[in-house]
Asks: 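Before anything else, here's the structure in question.
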Amino acid sequence: MSDTDDGWLFVGPESDDYECSQSYAPGGLCPVKLGDLIGPGTPSRYRIIFKLGFGSFSTVWLAHDSVESRNVALKIVQAKSTARSQELDVLERLRALDSTAGQEPYVIQLLDSFEHTSPNGIHQVLVTEPVVPLLAPYSPYSEFQPRVTKDVLRQTIEGLAYIHSRGVAHGDLYPANFGIAVPEIHRFEELEFWHQATYPPLRPVIPFPPHCDPHSYPPYLCGKLDLGEFLGLRAPDIIGRPLSVRIFDFGGAYVVDGSAPPRPVAPPFYAAPEVLFPQVILNKEDPLWDQRSDIWSLGVAFHDLVGAGGHFPELLFDDTLLPHYMVCICGEVPDAWRDHIDSQPSPLGRSCLAPDITEKFWDGRKKLFAQRGVEDASGLVGLMRRMLVLDPAKRPSAQELLDDPYFSCSNGTRNVVGNIHPLMRLPTSIPHGEEADFQTNSANLLTFGSTSRLL
Ligand SMILES: Nc1ncnc2c1ncn2[C@@H]1O[C@H](COP(=O)(O)OP(=O)(O)OP(=O)(O)O)[C@@H](O)[C@H]1O
């Protein structure tokens, strides 16, 4: 199957695995081929093995570090974002130089950084440990399904407390930016990753416009390596071992030092009210935000992390309705919001300020968490209610949250890799294609497919 898009030819099926080929232009992404050597030294220190992912500003590659004989992740930032990116400064601040007295920081660690010049410009390259996303799309072929327990939630708060203690606000805390440390990755050699690929992941790029500089784009786009699937199959001893969280993607983070914060990048569902309302309702692009905004985002992300789907209804396509939901779950309305709330029809079917609406909402959540097998559902609701407060000044700090009663007792459930939550368990026959996608995601879809399940 082939398709054209503004004069570019793509060969292969539609897929989210590939970055947009038009991002390969002056100022844009760095053209990379498998086997390329980049970085300092002669020969260059890092050899590209496979693509791990891509974001709005970068591509991320698994590479072999020939100096330390280990496998690393290289985040190669697009040229036009390199000059203004604060990510390197932030990651340097978050380096745990003294290993914080033997404790893990639960934050991705910077191993190296350098600049790389391509025909598209100068690219910042950040070298970190490779991680597997905590909520990786679960592969039906792999046993690598991390069990998210109270302990994992605690690690995320400890990580956030560490970030905040270094004067940094993350600004993009949503489920995709939580990962798991996988030191097992160092055992494998380049060819073993290649042998794992069950389909040809390379897609030729053929530009039609005659003005395209052939050096600006790679000869092909590379599909993503599913590290969770790879490790589940190739390192079965990983299953059942303790799990250690890594917060990553500091591309939207900044050092809170009194200067204006960068433009917030958190997806609207996870954005704190002080970000969402000015951005979505007042059309102000640069609202003020800081560490307290992270507390809100993490509270929302907990909902996904415990396997209960999104906190707000998935089918809510209109972000301007989010303030009504925020008022409903918090049981209060800020003065500055009142005109908006009063003038818009409530998406909840009744006033978002109805007297019993907040308690009913949280009772529903308690039942939902209990159904999903979440440990101490009432305790988790209590913790989330402390985090989801409209006024940022009234939110507890991450450090204070560590003393929450939710963390004082545990039923002993261990946070391990590969202990599949019963509701996440996939059918024994292996589904393919669209069927596989539907079944993989069905837990979330069924839970939050309609507004009526919210209350
Ligand atoms: N250390 C890592 N190990 C494994 N995969 C990674 C790592 N860092 C990033 N990735 C993958 O690459 C993707 C893009 O990375 P990241 O989110 O940091 O980029 P970004 O350009 O800042 O994107 P955005 O802000 O749009 O999310 C991630 O979603 C993840 O799948």
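The structure presented is a predicted model; accordingly, all values stated were derived computationally and were not measured. Ligands are counted one by one from 1 in listed order, and the atoms in each one are counted from 1 as well.
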Asks: Given His340 and His324, is the ring-ring contact (aromatic ring centres under 6.0 Å, His included) satisfied, shown in steps?
Replies: CA-CA 9 Å; His340 171 78; His324 283 84; 5.8 Å; yes
Asks: Return the residue, atom name and 0.1 Å-rounded distance of the protein heavy atom closest to atom 18 (O) of ligand 1.
Replies: Lys75 NZ, 2.7 Å
Asks: Ile108 heavy atoms, cut-off 4.0 Å: which ligand 1 atoms fall inside?
Replies: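 Listed by number with element: 1 (N).
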Asks: Tell me: protein heavy atom nearest atom 26 (O) of ligand 1, and distance?
Replies: Ser56 OG, 2.6 Å
Asks: Once you measure the plane-to-plane angle for Tyr270 and Tyr174, does it fall in the parallel (<30°), tilted (30-60°) or perpendicular (>60°) bin?
Replies: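 Rings of Tyr270 and Tyr174: tilted, as their planes differ by 30° to 60°.
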Asks: Restricting to non-hydrogen atoms, name the atom on Ser85 and the atom on Gln124 that form the minimum distance, rounded to 0.1 Å.
Replies: OG-OE1, 3.4 Å
Asks: Looking only at heavy atoms, is any part of Phe248 under 4.0 Å from ligand 1, and if so is it the side chain, the backbone, or both, or is it neither?
Replies: side chain
Asks: Give a yes/no verdict on a cation-pi contact between Arg203 and Tyr18, requiring under 6.0 Å between NZ or CZ and the six-membered ring centre and an angle within 45° of the axis.
Replies: yes
Asks: Determine, step by step, whether Arg365 and His303 satisfy the side chain to side chain donor-acceptor pair (under 3.5 Å) criterion, reporting the C-alpha distance in whole Å, the side-chain angles of both residues, the deciding distance to 0.1 Å, and the verdict.
Replies: CA-CA 9 Å; Arg365 283 298 190 265; His303 213 279; 2.6 Å; yes
Asks: Please report which non-hydrogen protein atom sits nearest to atom 3 (N) of ligand 1, along with the residue it belongs to and the distance in Å to one decimal place.
Replies: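 Result: Val131 N, 2.9 Å.
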Asks: Does any non-hydrogen side-chain atom of Ile157 lie less than 4.5 Å from one of Gln399?
Replies: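 Of all side-chain heavy-atom pairs linking Ile157 with Gln399, none is under 4.5 Å.
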Asks: Is Pro130 close enough to touch ligand 1? Criterion: a residue heavy atom under 4.0 Å from a ligand atom.
Replies: yes
Asks: Give the residue and atom name of whichever protein heavy atom lies nearest to atom 31 (O) of ligand 1, and the separation in Å to one decimal.
Replies: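 Of the protein heavy atoms, Leu52 O, 4.0 Å lies nearest.
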Asks: Tell me if the aromatic rings of Trp289 and Tyr254 count as close, with their centers under 6.0 Å from one another.
Replies: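 Yes, close enough.
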Asks: Measure from NZ or CZ of Lys150 to the centre of the six-membered ring of Phe407, then state whether that distance is under 6.0 Å and the direction lies within 45° of the axis.
Replies: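 Not flagged: Lys150 not positioned over aromatic ring of Phe407.
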Asks: For atom 17 (O) of ligand 1, what's the nearest protein heavy-atom neighbour? Residue, atom name and distance, please.
Replies: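 Going by distance alone, atom 17 (O) of ligand 1 is nearest to Asp249 OD2, 2.8 Å.
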Asks: So if I count the atoms of ligand 1 from 1 in the order they appear, which ones are less than 4.0 Å from some heavy atom of Thr128?
Replies: 1 (N)
Asks: What's the shortest distance from atom 15 (O) of ligand 1 to any protein heavy atom, and which residue and atom give it?
Replies: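 Result: Val60 CG2, 3.6 Å.
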Asks: Contact between ligand 1 and Glu129 is defined here as a heavy atom of the residue under 4.0 Å from a ligand atom; is it met?
Replies: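 Right, Glu129 reaches ligand 1.
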Asks: Among all protein heavy atoms, pick the one closest to atom 29 (O) of ligand 1 and tell me residue, atom and distance.
Replies: Phe54 O, 4.5 Å
Asks: What residue and atom, counting heavy atoms only, is the protein's closest point to atom 23 (O) of ligand 1, and at what distance?
Replies: Gly55 CA, 3.2 Å
Asks: Please verify whether a non-hydrogen atom of Val265 lies at under 4.0 Å from ligand 1.
Replies: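 Val265: no contact with ligand 1 (<4.0 Å).
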Asks: Nearest heavy atom to atom 20 (P) of ligand 1: which of Gly252, Ser58, Gly251 does it belong to?
Replies: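 Among Gly252, Ser58, Gly251, the closest heavy atom to atom 20 (P) of ligand 1 belongs to Ser58.
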Asks: Just wondering, do Ile76 and Val60 contact through their side chains at under 4.5 Å, heavy atoms?
Replies: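 Contact flag for Val60/Ile76 side chains = no.
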Asks: Is it true that Phe230 and Phe193 have ring centroids separated by less than 6.0 Å?
Replies: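 They qualify: ring centres under 6.0 Å apart.
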Asks: Taking only heavy atoms of Ala73, which atoms of ligand 1 are found under 4.0 Å from at least one of them?
Replies: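 Contacts of ligand 1 toward Ala73, numbered from 1: 1 (N), 2 (C), 3 (N).
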